[in-house]
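Each remark here refers to the structure printed beneath this line.
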Amino acid sequence: MGIEDLVESIKSYTPDADVAILRRAHEFAATVHRGQARRSGDPYLSHPMRVAAILADLKMDVRAIAAGLLHDAIEDTQTTVEEIRTLFGDEIADLVDGVTKLSKLPFSTREDRQADSFRKMLLAMAKDIRVIMIKLADRLHNMQTLDPLPEAKRQLIAKETLEIYAPLAHRLGMAKIKQELEDLSLRHLDAEAYRDLAIQIAKKRQEREAQVNEAIAILKQKLTEVDIPGDITGRPKHFYSIYRKMRDQGKTFDEIYDLTAIRVITDTVKDCYGALGMVHSLWKPIPGRFKDFIAVPKSNMYQSLHTTVIGPKGDPTEIQIRTQEMHRTAEEGIAAHWAYKEGRATLDESDRNFLWLRQLLDWGRDLKDSREFLHTLRIDLFPDEVYVFTPKGDVKALPRGATPIDFAFSIHTDVGLRCAGARVNGRIVPLRYELSNGDIVEILTATTQHPSRDWLKIVRTSRARSRIKAWIKNEERVRSITLGKELLDREFRKIAKATAPLSKLEAVGQALEHYKVGSEEELYAAIGFGKISPRQVVLKLLPPEQAQAIVEEESKGRRVPVKAAEEGIHIDGVDDILLHFAKCCDPLPGDDIIGFITRGRGVTIHTADCPNVLAFGYDSERQIRVHWDERTKVPHQVKIKVTIGEDRPGLLAEISSAISSTNANIAQAEIRVTEERRGLNTFVLEVFDLKQLQGAMQAIRRVKGVMGVERIRSH
């Protein structure tokens, strides 16, 4: 597609569009991307041009499409946002800036960069909903042209697309983009399954199309007889929906009957229900398979009648019935309802179509930690919804598995915070009760009731989770301020007895400056949480030799806990905190790690995938950013289990030699031989990092007679 094709496409739905700015954007993009090529060898300009074309297919306005042409200019060229602002105005500059990733800023991990990029993009959405449209168009074309990338990179991008972008498109009601993103992701994540599906669908297509065409012919005749105008088509299910049904329900391809749905598009809501009655008079409906999304729309604005009937050939046949306007909304979602028709860029507070987006933005602002934000976003993007009612008959859409606590917070934060119980359909239920479709829910409140940390284990909505965490964080902060003040006073009195008189005011003032905290309350809270040692605050006031003497005296007869720097750990913003490695997961340099603050014990380091970490519920107040300091090499002990098929003379010596060949040291060994002469051996190795451990384990596997080697974690 050339620029003139793009102009014609836009003029087809907006004849008076300002295409001059579009031509200027195209010329600027061609200039700044000149000489750049994609991995496929195509000129780089082909990418922003295709993104712009996708936006035109969604009937976006000319400024959004111009921003699509310029969306990579800041990230991939020397162009600045100020330059775009000068040349194209604030509106286009803000759109481009909202889409631009944070790749030029320093981050300790890829996850940090990803999390902050999503956070930036979604908060930019608060100002302008078009940001997400451009980003989805960008991701769609990247997925369409993923083949030239290395397999590992393709899998990483496809996984991110399936976890974030396809569900985001679904929550925005953009079915066409969501389905294509899912199919493209499946093609790269499970190529064999994708190929098998393609072959099996092709084999069954002719037979299935004949059955569907017969049902369509009968429907058309009957609709004409009852004078209901309607357009009837067959819609093949996309690959990923078939793949997921086979995976989730444990079915083979031959057991999937609804490969094609019949869609009836009528003029009015009245005609929709008339057509439904006619369908049910023709074919017997399958109980439990009728859904009325017209009376109760989905949270992504989707409206339609769904029914599954026993078709003319005796097979289950799915039929969807909707109006033309509902159909456009089902295909294009938020793009069909965007506020620019009335000249507005921000979300309309009164429009229920944008309710989920407003909630997303609310907790996006509440959660300060970007990794927690991304974790919560992933949870929020995958709800199978249930529809429940207030006593007054108002409908609330909640994720499947939601509890009365989720319902309470969906009404108001104060109702959630004081939730003491609930009646569902007139019966008292426990707070962990899972709500079902059609439940009528009444929340019981009490002024003495407050959230519990246990609530975090049973709630399903991001709104409830973020509000509970905010309340707990505030309560813990109040307690920590009191505790921190007491700890500092105690330490001050203890050390001051053995030294010249010290000024507490001076100690606090120096601590504020040294630890870069803004107030006494922040200092006391940090001490109470265990982020700052009260002992260190006081010792910093003493002459170095006097402080050292006190440290040595106190350390006599007891083990002094190690500091982070001594163990090769860097903790953001902290230089002298005490450190412990969790015994449940034995972290090694190379493992992804997370730190948790423990009062009185400093920071405990866990692997990111440790089950105990998941049990903490991503408590952001206790969590602290940590990463390995590659400049410091410290040996770590790790336990491995070696399974031997049949014991033989010299085998243990060969295993020891294999370990030594990787410069790992055996700190401890436990050798057991069963009656069948099979060996179950446990070694505690001293290694410097994960790579060395993996090398040692690989060397052991090559020893003849070794059946398996695995790392042992306590968990």
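Donor-acceptor pairing under 3.5 Å is lacking for the side chains of Asp591 and Thr607. Remark: the Arg322 side chain and the Tyr302 side chain contain an N/O donor-acceptor pair separated by less than 3.5 Å. Judged by distance alone, the side chains of Glu325 and Gln303 never bring a donor and an acceptor atom under 3.5 Å apart.
Residues Val269 and Thr323 approach most closely at N-CG2, 3.8 Å, considering heavy atoms. Between Leu95 and Ala64 the shortest heavy-atom distance is CD1-CA, 4.1 Å. When every heavy atom of Ser410 is checked against every heavy atom of Phe407, the shortest pair comes out as OG-O, 2.6 Å. Shown here for Pro430 and Pro404, the closest heavy-atom pair between the two residues is O-CG, 4.1 Å. Listed here is the closest heavy atom pair of Leu184 and His188: O-CD2, 3.1 Å. Minimum interatomic distance between Ala193 and Tyr243 (heavy atoms only, all atoms of both residues): CB-CE1, 3.8 Å.
The closest donor-acceptor contact from the side chain of Thr413 to the backbone of Phe409 lies at 3.5 Å or more, if one exists at all. Listed for the Arg467 side chain is no donor-acceptor partner under 3.5 Å among the backbone atoms of Leu417. At distances below 3.5 Å, at least one donor-acceptor pair connects side-chain atoms of Asn425 with backbone N or O atoms of Ile440. Between the Asp406 side chain and the Val459 main chain, no donor and acceptor come within less than 3.5 Å of each other. His238 contributes no side-chain N or O that, together with a main-chain N or O of Tyr240, makes up a donor-acceptor pair within less than 3.5 Å. Asn474 places no side-chain N or O within donor-acceptor distance of the main-chain N or O of Trp471, the cut-off being under 3.5 Å.
Residues Arg711 and Leu690 form a side-chain contact, since some pair of their non-hydrogen atoms from C-beta on lies under 4.5 Å apart. Within the 4.5 Å cutoff, the side chain of Val309 has heavy atoms near those of the His280 side chain. In this structure the side chain of Trp628 never reaches within 4.5 angstrom of the side chain of Asp592, judged on heavy atoms. For the pair Leu186 and Arg244, the minimum side-chain heavy-atom distance is 4.5 Å or more. Put simply, the side chain of Arg423 does not reach to within 4.5 Å of the side chain of Ile443, judged on heavy atoms. Ile157 has its side chain within reach of Leu146: a pair of non-hydrogen atoms, C-beta onward, lies under 4.5 Å apart. Counting only heavy atoms from C-beta outward, the side chains of Cys585 and Pro587 approach each other to under 4.5 Å. Put simply, the side chain of Pro297 does not reach to within 4.5 Å of the side chain of Phe293, judged on heavy atoms.
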Test log, rule side chain to side chain contact (heavy atoms under 4.5 Å, CB included), inputs Val264 and Ile319
CA-CA 7 Å; Val264 180; Ile319 300 175; 4.2 Å; yes
Derivation of the side chain to side chain contact (heavy atoms under 4.5 Å, CB included) call for Leu435 and Leu398
CA-CA 9 Å; Leu435 300 174; Leu398 297 169; 3.8 Å; yes
Criterion side chain to side chain contact (heavy atoms under 4.5 Å, CB included) on Ile405 and Ile458, from CA distance to verdict
CA-CA 9 Å; Ile405 301 173; Ile458 60 175; 3.7 Å; yes
Test side chain to side chain contact (heavy atoms under 4.5 Å, CB included) on Ile472 and Arg453; report intermediate values, then the result.
CA-CA 7 Å; Ile472 292 172; Arg453 188 175 289 278; 3.3 Å; yes
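Within the model, atoms CD of Glu442 and CD1 of Ile428 stand 8.0 Å from one another, a figure rounded to the nearest 0.5 Å. One distance of note links CE of Met143 with CD of Glu180; it measures 9.5 Å at 0.5 Å rounding. Note that CD1 of Ile164 is 9.5 Å distant from NZ of Lys159, once rounded to the nearest 0.5 Å. Within the model, atoms NE2 of His170 and NZ of Lys298 stand 5.5 Å from one another, a figure rounded to the nearest 0.5 Å. Here the NZ atom belonging to Lys135 is positioned 7.5 Å from the CG atom belonging to Asn142, to the nearest 0.5 angstrom. Rounded to the nearest 0.5 angstrom, Met133 CE and Ile54 CD1 are separated by 13.5 Å.
A salt bridge is defined here as a Lys NZ or Arg NE, NH1 or NH2 lying under 4.0 Å from an Asp or Glu carboxylate O, and Glu318 with Arg289 fails to meet this definition. With respect to Glu160 and Arg139, a salt bridge is recorded, a charged nitrogen being found less than 4.0 Å from a carboxylate O.
Residues in residues 181-191 take part in these salt bridge (Lys or Arg N to Asp or Glu O under 4.0 Å) pairs, two or more places apart or across chains: Asp147-Arg187, Lys178-Glu182.
The environment of Arg432 atom CZ is sparse: at most 12 non-hydrogen atoms of other residues, nucleotides or ligands sit within 6.0 angstrom.
Shown are Gln320, Arg263, Lys291; of these, the side-chain contact (heavy atoms from CB on, under 4.5 Å) with Ser304 is made only by Gln320.
Taking the six-membered ring for Trp and the full ring otherwise, Phe290 and His306 have centroids separated by 6.0 Å or more.
Under the salt bridge (charged side-chain N to carboxylate O under 4.0 Å, His left out) criterion, Asp292 pairs with no residue at all, not counting sequence neighbours.
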